Amino acid sequence: QVQVVESGGGLVQPGGSLRLSCAASGSIYSIYAMGWYRQAPGKQRELVTSITRDGSTVYADSVKGRFTISRDNAKDTAYLQMNSLKPEDTAVYYCNADFSTPITGTRRYWGQGTQVTVSS
């Protein structure tokens, strides 16, 4: 029913940029927050950044100053602008959408992930 779809991943050289998109659909309820996590090979999934409906943001220390999250509330879409990419940014990036429901409270849905590879 609910679908969260990421796009925009790919292979880039160190210092390059990518812009990821995440579109959520299929629910009548509003989205409280959207965010991005990533999981590198052999490592745990970690929070990259998130944004609430009113625009409040958080960033992992490792990406501050390089990554920017934005959100189009009308389109239920979030974006992740990634600049000055480093090899250590290589990971599968997952989008999450947190829906606010009067019945179950906030419910988190995940996208399928998109691969970002930073290599020369």
Side-chain angles (χ1 to χ4, degrees):
Q1 188 73 14
V2 175
Q3 189 173 25
V4 180
V5 180
E6 307 99 330
S7 62
L11 173 65
V12 297
Q13 295 183 349
S17 298
L18 281 176
R19 186 172 186 259
L20 307 183
S21 298
C22 173
S25 63
S27 177
I28 191 175
Y29 302 112
S30 64
I31 299 175
Y32 170 71
M34 300 186 73
W36 294 90
Y37 286 70
R38 67 186 181 187
Q39 187 167 22
K43 297 184 178 180
Q44 297 293 321
R45 186 177 299 187
E46 64 175 354
L47 173 69
V48 177
T49 180
S50 68
I51 185 168
T52 63
R53 191 169 185 86
D54 66 358
S56 298
T57 59
V58 296
Y59 292 91
D61 288 341
S62 60
V63 306
K64 287 180 179 178
R66 300 187 298 119
F67 291 10
T68 303
I69 188 171
S70 60
R71 175 176 172 176
D72 186 334
N73 291 334
K75 296 181 179 180
D76 287 339
T77 300
Y79 306 93
L80 181 62
Q81 180 66 47
M82 304 184 292
N83 298 326
S84 301
L85 283 162
K86 305 175 181 179
E88 51 263 44
D89 295 319
T90 295
V92 177
Y93 284 70
Y94 297 90
C95 178
N96 72 272
D98 296 344
F99 288 84
S100 297
T101 73
I103 300 174
T104 61
T106 301
R107 189 173 182 87
R108 175 165 290 180
Y109 293 87
W110 293 92
Q112 81 290 343
T114 185
Q115 177 70 48
V116 172
T117 302
V118 185
S119 176
S120 60

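Worth knowing before you read on, the calculation uses all heavy atoms, side chains too, and leaves out hydrogens, waters and symmetry mates. Note that this is a predicted model, so its numbers are computed, not measured.
Within 6.0 Å of CZ on R107 lie no more than 12 heavy atoms contributed by other residues, nucleotides or ligands. In E88, the CD atom is crowded: over 12 heavy atoms of neighbouring residues, nucleotides or ligands sit closer than 6.0 Å.
Placement of V118 and Y93 within a single hydrophobic cluster is found when ILVMFWY residues are connected by side-chain heavy-atom separations under 4.5 Å, directly or transitively. Tracing side-chain contacts under 4.5 Å through hydrophobic residues (I, L, V, M, F, W, Y), one reaches V12 starting from M82; they form part of the same cluster. In the hydrophobic clustering of ILVMFWY residues, with side-chain heavy atoms under 4.5 Å counting as a link, Y37 and V116 come out apart. One hydrophobic cluster holds both W110 and L47 under the rule that ILVMFWY side chains link at heavy-atom gaps under 4.5 Å.
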Please lay out, stage by stage, how Q81 and S17 fare under the test side chain to side chain contact (heavy atoms under 4.5 Å, CB included). CA-CA 7 Å; Q81 180 66 47; S17 298; 4.0 Å; yes
Could you go through the side chain to side chain contact (heavy atoms under 4.5 Å, CB included) check for I69 and W36 one step at a time? CA-CA 9 Å; I69 188 171; W36 294 90; 3.8 Å; yes
For a side chain to side chain contact (heavy atoms under 4.5 Å, CB included) check, start with the C-alpha distance between I103 and Y29, then their side-chain angles and the critical distance, and finish with the verdict. CA-CA 11 Å; I103 300 174; Y29 302 112; 4.1 Å; yes
Walk me through whether V4 and C22 qualify under side chain to side chain contact (heavy atoms under 4.5 Å, CB included). CA-CA 7 Å; V4 180; C22 173; 3.4 Å; yes
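Remark: the backbone N or O of G35 is not paired with any side-chain donor or acceptor of S50 at under 3.5 angstrom. With hydrogens and angles disregarded, no donor-acceptor distance shorter than 3.5 Å links the side chain of S120 to the backbone of Q13. The main-chain N or O of V5 is never found under 3.5 Å from a side-chain atom of Q112 such that the two would form a donor-acceptor pair. When atom types are taken as modelled, the side chain of Y79 and the backbone of D72 share no donor-acceptor pair closer than 3.5 angstrom. The main-chain N or O of R38 is never found under 3.5 Å from a side-chain atom of E46 such that the two would form a donor-acceptor pair.
Separating the OG1 atom in T101 from the CG atom in D98 is a distance of 11.0 Å, to the nearest 0.5 Å. Separation of atoms CZ (R19) and OG1 (T68) is listed at 11.0 Å; rounding is to 0.5 Å.
Remark: the Y32 side chain and the R53 side chain contain no N/O donor-acceptor pair separated by less than 3.5 Å.
One finds no salt bridge joining K86 and D89 here, because no Lys/Arg side-chain nitrogen approaches an Asp/Glu carboxylate oxygen to under 4.0 Å.
Taking each heavy atom of E6 and Y94 in turn, the nearest pair found is OE2-CA, 3.3 Å. Contact between K75 and T77 at its shortest, heavy atoms only, is O-OG1, 2.9 Å. Residue A91 comes nearest to A40 through the heavy atom pair CB-N, 3.8 Å, listed as atom of the first residue, atom of the second, then distance. Across all their heavy atoms, S100 and T106 have their closest contact at OG-OG1, 4.3 Å.
Between S119 and L11 the shortest side-chain heavy-atom distance falls below 4.5 Å. Between C95 and M34, the closest side-chain pair of non-hydrogen atoms falls below 4.5 Å. Contact annotation: the side chain of I31 approaches that of R71 to within less than 4.5 Å [non-hydrogen atoms, C-beta and beyond]. For the pair L18 and F67, the minimum side-chain heavy-atom distance is 4.5 Å or more.
Residues passing the ring-ring contact (aromatic ring centres under 6.0 Å, His included) test with Y109 are F99, sequence neighbours excluded.
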